[in-house]
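In the text below, chain A, chain B and the rest are named by the order of the sequence lines, each starting its count at 1. Basis for what follows: all heavy atoms, side chains included, without hydrogens, waters or symmetry-related copies.
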Protein chains: 2
Amino acid sequence: METLRERKKQRTRDALLRAALELFVTQGYEHTTVDEIAASVDVSQRTFFRYFASKEDVAFFVPRLTEEHYVEAVRRRPPEEPPLEALRRSVLDSWDTIEQAIERYVPVELFLRTYKMIEATPALFAAHLRRQSETEEEIARIVAEREGVDPDRDPRPRLVVAVFGAVVRVTERHWSVGEDFSVTTIRQLTASYLDQVGPALTGNWREG
Amino acid sequence: METLRERKKQRTRDALLRAALELFVTQGYEHTTVDEIAASVDVSQRTFFRYFASKEDVAFFVPRLTEEHYVEAVRRRPPEEPPLEALRRSVLDSWDTIEQAIERYVPVELFLRTYKMIEATPALFAAHLRRQSETEEEIARIVAEREGVDPDRDPRPRLVVAVFGAVVRVTERHWSVGEDFSVTTIRQLTASYLDQVGPALTGNWREG
DNA sequence: GAGGCTAGTGACAGCCACTGACAGTTGACA
DNA sequence: TGTCAACTGTCAGTGGCTGTCACTAGCCTC
């Protein structure tokens, strides 16, 4: 962020990001062309593609921040904690502290609406799931490391991480279709769902 | 399959499907153009798109069969079975009986290689995950129905189905990178992983 | 502070997936 | 056998994305 050149670049990137997200959430992802985004920032389409690898890539700029934030939280957990407990605390802590990280780039409110848009747009939702699965692979390796097992011989790290991720995804999905979307809401929902999953798996639903 | 016209259509469709999968698995999905597929069956590109909604769509023709097969298996489970047990038996039964259904369209071996290709191609893998999540939504509704709960008020159906699906996905992924790919192998792997997930979630990994 | 260097950009041409419109052809069926 | 409908090919166009090339504006050295 030293030279004028770098500041200019940063400004162009930020402008493209903001413009893209704004257009996406107002008129929809599919109905927004890259030409449109570039034009609204007054650069050529070619320049857009020098900042973002693809149209999809812009949409996931902020989600990428939150994923990294989460992974870092997992890394920082004390190693004596059982895996599930470490994961649980990591997600909840992440939701508590993510807002500052986001606000540096876009208003949190815009991010939340982007998130909803991703869940509602099939092409983006697919990409979202794939990204999550990549994150899970990373987390599985961290868990394996913590527990001192080889993830390619012992399936437990990937199993635990996948099961945990599944619960998080159900939560997000529920949150994304609801009215009340705030960071607080999804945090509470996550905690609640994580509490319910144990009984749901083992319990008999048809008794009081 | 009565009239000549219908038989001709069927033949074109089958030829396109076979040609596409063959090209995909030999030279890769990304390196295969729709023009190439159409040319190798001697029809116009336009005709290809009259049979398949998209290039992606051909790749998932057979997976779609297996998904439907699985959903049907779940529907047929006796209602007194606990949810997890019903799901478990459904996947395993599906793997036992799927081969006939596939063989009507393509050789099972080609299907298995297609499956590996899907797992190895990011764009297809993303689509695969989205399709699975749609299937899970359907299954969740079936489970909710069986248990007599409202899936929009009670999160348990979606939770159980998502957790179960996560285990299946870890299994598939493991299978897809391995050497030994046969239907028998993935069936056994699935059974084994399902057995391990309970202990992995609750147990302490660091003791004997 | 003049001049060379280079990162960043725009303009243009081209590939590929996909779509709409229209016209030609070929089976279905009376 | 002639009419109708289904199926197909051709063509033109859009949108995402990439390579190339020339140009400009900020940087850095002497």
*Name all residues meeting the side chain to side chain donor-acceptor pair (under 3.5 Å) criterion together with B:R18; count only those two or more places apart in sequence or in a different chain, and write none if there are none.*
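Residues passing side chain to side chain donor-acceptor pair (under 3.5 Å) with B:R18: none at all.
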*side chain to side chain donor-acceptor pair (under 3.5 Å) partners for B:R13, two or more places apart*: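 So B:R13 forms no side chain to side chain donor-acceptor pair (under 3.5 Å) with any residue.
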If a pair satisfies salt bridge (Lys or Arg N to Asp or Glu O under 4.0 Å) and one of its residues is in [range], list it, with sequence neighbours excluded.
range                       : answer
residues 43-57 of chain A   : A:D57-A:R64
residues 162-176 of chain A : A:E119-A:R173, A:E136-A:R169
residues 29-38 of chain B   : none
residues 177-190 of chain B : B:D96-B:R187

*Within less than 4.0 Å of OP1 or OP2 of D:dC7, is there a side-chain N or O belonging to B:K9?*
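Yes, such a contact exists.
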*Please state whether the phosphate of C:dT9, meaning OP1 or OP2, lies under 4.0 angstrom from any side-chain nitrogen or oxygen of A:Y51.*
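Answer is yes, contact under 4.0 Å.
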Between [X] ([atom1]) and [N] ([atom2]), how many Å, whole number?
X     : N      : atom1 : atom2 : answer
B:R46 : C:dG20 : CZ    : P     : 8 Å
B:D42 : D:dC7  : CG    : C1'   : 16 Å
A:L16 : C:dT9  : CG    : P     : 9 Å
A:F48 : C:dG8  : CZ    : P     : 17 Å
B:Q27 : C:dC16 : CD    : P     : 12 Å
A:E56 : C:dA17 : CD    : C1'   : 15 Å

*Can you tell me how far the CG atom of B:D14 sits from the OH atom of B:Y51, to the nearest 0.5 Å?*
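If we round to the nearest 0.5 Å, B:D14:CG and B:Y51:OH are 10.0 Å apart.
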Nucleotides 22-29 of chain C: which of its N/O atoms have a protein N/O under 3.5 Å away?
residue	atom	partner	partner atom	Å
C:dT26	O2	B:R5	NH2	3.4
C:dG27	OP1	B:K8	NZ	3.2
C:dG27	O3'	B:R5	N	3.4
C:dG27	N3	B:R5	NH2	3.0
C:dA28	OP1	B:T3	OG1	3.1
C:dA28	OP1	B:L4	N	2.8
C:dA28	OP1	B:R5	N	3.0

Report each atom pair, protein N/O against N/O of nucleotides 13-16 of chain D, whose distance is under 3.5 angstrom.
residue	atom	partner	partner atom	Å
D:dG16	OP1	A:T32	O	3.4
D:dG16	OP1	A:K55	NZ	3.1
D:dG16	OP2	A:V34	N	3.2

*State whether A:R76 and A:D93 are salt-bridged, where the test is any N-O pair (Lys NZ or Arg NE/NH1/NH2 against Asp/Glu carboxylate O) under 4.0 Å.*
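A salt bridge is absent here (no side-chain N lies under 4.0 Å from a carboxylate O).
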*Hey, could you give me each pair passing side-chain hydrogen bond (donor to acceptor under 3.5 Å, both in side chains) that has a residue in residues 142-152 of chain B? Not counting sequence neighbours.*
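Every pair satisfying side-chain hydrogen bond (donor to acceptor under 3.5 Å, both in side chains) with a residue in residues 142-152 of chain B: A:R206-B:E147, B:D152-B:R158.
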